[in-house]
Amino acid sequence: MFEAMPYDEEKYQRAKKHWDELAKPLHGMGLFEELISRIEGMPNAGGLKKRCVLVFCADNGVVEEGVTQTGSEVTATVAENMARGDATVCIMAKAAGADVFPVDIGMCRAADGVRDEHILRGTHNFYQTRAMSREECLRAVKKGASLAREFAQKGYGVIAAGEMGIGNTTTAGAVASVLLDLPPRLVTGKGAGLSPAGLERKIQVIERSVARLQPDREDALDVLSKVGGLDIAGMCGAFLGGAQAGIPVIIDGVISAVAALCAAKLCPQSKKYMIASHLSGEPAAKYVLDSLGFAAPIRADMALGEGTGAVALLPLLDTAYAVFREMICFSQTDIEEYKPL
């Protein structure tokens, strides 16, 4: 159903060799050497010169179960703030030279200035019934993929995958627990500040819902449609669409990481086009990134969402790229080349 653009392994290996030839200690730039080398192997990354943030906004029916501190009405309000340029991600993106595009993939109500691509006006409460049908879930995934390809065609060489949706740490915890075959208690966190009692309720809702709905761990669409959210489905599609277009898509926090895991289940080759940004404080984050085989370069206890962690990575990639492109090689100096021991 989804196929990634062929990855240029030869260019990746040339980039790794170039890092070793630069007049600095071997692997002195740490993880950034691997990230830049991986990006070099992506056919249409364009050196990350033009970048954007796609923020998938959606509401989750499971909020009815008291698993959040705030109500679903907040989702559209924050989305409107994004459209006006007032949200945190917009301020950070301006500093990082990125454009922000909020997308309504499934909010309870439309929001002024937000691109309307909604599949549903919010998902169903998965404590009572499945979140959405398989067909609705697939439509959301395909819509996310189509948007990523659209922005790649507009010249964007990198997409940061963000989200906004009250209740989405509950959906992310549920999806992660099933796909990773881990107890919900191990991968579910407090989200935006739940009390201990609130966290216990959240865990119970996930446990009982998973037990009742019996999502198929081997079928990411089944899992997403039963206990996921439209924002996760849309981001999943964005990771797939980025891979189809040959550009990197940056993983943000735990919800974005769960979407990336779903994409990897649907198209394993899409992992070649994913870049991890930061390690969220939510307990599922490390399990998901470990499952994907990614290390996050930023460990700053960020827990904001919206794509903020992914945007924070962009200036760091810019500085690493500057070293990669501009630093002299050992052959241009009197310094003896470092040898791997």
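This chain uses plain numbering: 1 for the first residue, then up along the sequence.
- Transitive grouping of hydrophobic side chains (ILVMFWY, heavy atoms separated by less than 4.5 Å) keeps Met107 and Met164 in distinct clusters.
- Using a 4.5 Å heavy-atom cutoff, the side chains of Leu317 and Leu35 are in contact.
- Listed here is the closest heavy atom pair of Ala263 and Met274: CB-CE, 3.8 Å.
- Checked against ring-ring contact (aromatic ring centres under 6.0 Å, His included), His118 has no partners two or more places apart in sequence or in another chain.
- Look at Lys226 and Asp219 and you find no salt bridge, because none of the NZ, NE, NH1 or NH2 atoms lies under 4.0 Å from a carboxylate O.
- Put simply, the side chain of Asn125 does not reach to within 4.5 Å of the side chain of Thr129, judged on heavy atoms.
- For Ala58 against Asn60, the heavy-atom pair with the smallest separation is O-ND2, 4.1 Å.
- Residue pairs meeting the ring-ring contact (aromatic ring centres under 6.0 Å, His included) criterion with at least one partner in residues 122-153, sequence neighbours excluded, are Phe101-Phe151, Phe151-Tyr156.
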Pairs under 3.5 angstrom only: tabulate donor-acceptor contacts from the side chains of residues 294-304 to other protein residues two or more places apart or in another chain.
none

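- Using a 4.0 Å cut-off between a side-chain N of Lys or Arg and a carboxylate O of Asp or Glu, Glu33 and Lys16 do not qualify as a salt bridge.
- With sequence neighbours left out, the side-chain contact (heavy atoms from CB on, under 4.5 Å) criterion links Thr319 to no other residue.
- A 4.5 Å side-chain heavy-atom check between Arg185 and Glu207 finds at least one atom pair inside the cut-off.
- Using cut-offs of 30° and 60° on the angle between ring planes, the pair Tyr273 and Tyr7 is perpendicular.
- With sequence neighbours excluded, no residue satisfies side-chain contact (heavy atoms from CB on, under 4.5 Å) with Glu73.
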Between Glu117 and Arg115, does the salt bridge (charged side-chain N to carboxylate O under 4.0 Å, His left out) criterion hold? Intermediate values first, please. CA-CA 6 Å; Glu117 299 286 355; Arg115 179 164 171 167; 2.8 Å; yes
Show your working on salt bridge (charged side-chain N to carboxylate O under 4.0 Å, His left out) between Asp104 and Arg121 and close with a plain yes or no. CA-CA 9 Å; Asp104 175 3; Arg121 283 294 171 213; 2.6 Å; yes
Cut-off 3.5 Å, no hydrogens considered: what does the side-chain donor-acceptor table look like for residues 251-261, sequence neighbours left out?
residue, atom, partner, partner atom, Å
Asp252, OD1, Gly309, N, 2.8
Asp252, OD1, Ala310, N, 3.1
Asp252, OD2, Gly307, N, 3.1
Ser256, OG, Ala161, O, 3.2
Ser256, OG, Asp252, N, 3.0

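- At least one side-chain heavy atom of Glu21 sits less than 4.5 Å from a side-chain heavy atom of His18.
- At a threshold of 4.5 Å between side-chain heavy atoms, the hydrophobic network of Ile, Leu, Val, Met, Phe, Trp and Tyr places Leu313 and Val100 in two separate groups.
- Among all heavy-atom pairs drawn from Val175 and Gly228, the shortest one is CG2-CA, 3.7 Å.
- The nearest pair of heavy atoms linking Asp59 to Ser72 is OD1-O, 3.2 Å.
- Here the closest non-hydrogen pair linking Ala233 and Cys137 is CB-O, 4.1 Å.
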